[in-house]
Amino acid sequence: MPRIELLEQIYTIVEQIPVGRVTTYGRIAAMTEGATPRMVGSALRNLPAGHQLPWHRVIAASRKLADHGGAERQHQKLRDEGVVFDRKGRVAFDLVWPD
DNA sequence: CTTCTGACCAGTG
DNA sequence: TCACTGGCCAGAA
């Protein structure tokens with residue numbers, strides 16, 4: 001599978017995460033044909049300025065935010081759309097998409 | 001060509 | 001639950 005098409009598959013999936021829900025790098029990778037969780041993280045890190053993808057709805061399999069530069073902003077964006085975090089910064093199972 | 005570095009993850013103790 | 005480990009694989013140097 002060509003690198004570009006893999007990227008497009010990743011973006012297409014991220015695009016479909018419902019508001020107020022989240023999914024993980026690993027789940028997205030599994031939905032593509034050959035991508036690995038690391039590639040998904042890399043794809044989001046390199047998003048071009050001006051994109052409109054809900055990158056903030058992608059979290060780690062531990063259901064915590066991955067450690068990266070925009071984590072703080074990501075946390076606020078999710079809070080703004082109603083996502084609740086428990087005391088240890090984890091998101092409820094029910095919010096992980098797809099069901 | 002080799003080495004290193006990640007917005008990762010599942011297994012193990 | 002947490003810390004650590006080995007595996008992962010495309011880029012950058």
Side-chain angles (χ1 to χ4, degrees):
Chain A
M1 206 58 180
R3 179 184 73 78
I4 298 301
E5 288 184 27
L6 221 43
L7 276 179
E8 291 179 352
Q9 282 186 25
I10 292 171
Y11 294 147
T12 298
I13 293 167
V14 172
E15 217 166 48
Q16 299 177 345
I17 307 172
V19 175
R21 304 290 304 276
V22 298
T23 193
T24 72
Y25 299 91
R27 279 188 172 218
I28 292 173
M31 291 184 231
T32 66
E33 299 170 34
T36 64
R38 280 190 182 299
M39 284 184 229
V40 176
S42 179
L44 296 186
R45 184 188 61 203
N46 298 118
L47 283 175
H51 67 81
Q52 58 181 59
L53 286 160
W55 57 273
H56 59 282
R57 306 213 264 250
V58 183
I59 65 179
S62 60
R63 283 161 26 222
K64 294 185 205 170
L65 301 193
D67 178 28
H68 63 94
E72 196 47 50
R73 204 166 82 83
Q74 175 176 21
H75 187 276
Q76 176 164 17
K77 273 178 165 286
L78 286 173
R79 259 199 350 146
D80 288 346
E81 53 183 62
V83 174
V84 178
F85 292 83
D86 67 18
R87 188 174 50 185
K88 295 175 183 172
R90 262 192 294 268
V91 171
F93 256 134
D94 315 38
L95 295 182
V96 182
W97 175 88
D99 295 296

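Side chains are part of it too, since the values below use all heavy atoms of this structure and drop only hydrogens, waters and symmetry mates. Predicted model only: the values in this text are computed from it and were never measured.
The side chain of A:Lys88 has C:dC2 as its nearest neighbour among C:dC2, C:dC9, B:dA7. Closest to the A:Pro37 side chain, of the nucleotides C:dC2, B:dC8, B:dA7, is B:dC8. Listed nucleotides C:dC2, B:dG6, B:dC9 differ in distance to A:Thr24; the shortest reach to its side chain belongs to B:dC9.
Between the P atom of B:dC9 and the CG atom of A:Leu65 lies a distance of 12 Å, rounded to the nearest Å. To the nearest angstrom, P of B:dC9 lies 13 Å from CG of A:Asp67. Rounding to whole angstrom units, CZ of residue A:Arg63 and P of C:dC2 are separated by 11 Å. In this entry the distance linking CG of A:Asp86 with C1' of C:dT1 reads 12 Å, nearest Å. To the nearest angstrom, C1' of B:dC8 lies 14 Å from NZ of A:Lys64. If you measure from atom CH2 of A:Trp55 to atom P of B:dC8, you get 14 Å, rounded to the nearest angstrom. Rounded to whole angstrom, the span from the CD1 atom of A:Ile10 across to the C1' atom of B:dA7 amounts to 12 Å. Between the C1' atom of B:dC8 and the CZ atom of A:Arg45 lies a distance of 12 Å, rounded to the nearest Å.
The side-chain heavy atoms of A:Val22 and A:Val96, taken from C-beta on, include a pair separated by under 4.5 Å. Side-chain atoms of A:Trp55 and A:Gln74, non-hydrogen and from C-beta on, do get closer than 4.5 Å to each other. A:Leu53 is listed as a side-chain neighbour of A:Glu15, based on a closest heavy-atom distance under 4.5 Å. By the 4.5 Å heavy-atom criterion applied to side chains, A:Leu78 and A:Arg57 are counted as neighbours.
OP1 or OP2 of C:dG11 has not a single side-chain nitrogen or oxygen of A:Arg38 nearer than 4.0 Å. A:Arg90 has a side-chain polar atom (N or O) that falls below the 4.0 Å cut-off from OP1 or OP2 of C:dT1.
Between A:Asp99 and A:Arg21 a salt bridge is recorded (basic side-chain N to carboxylate O distance below 4.0 Å).
Within 4.0 Å of A:Thr36, counting heavy atoms only, lie sugar-phosphate atoms of the nucleic acid but no base atom.
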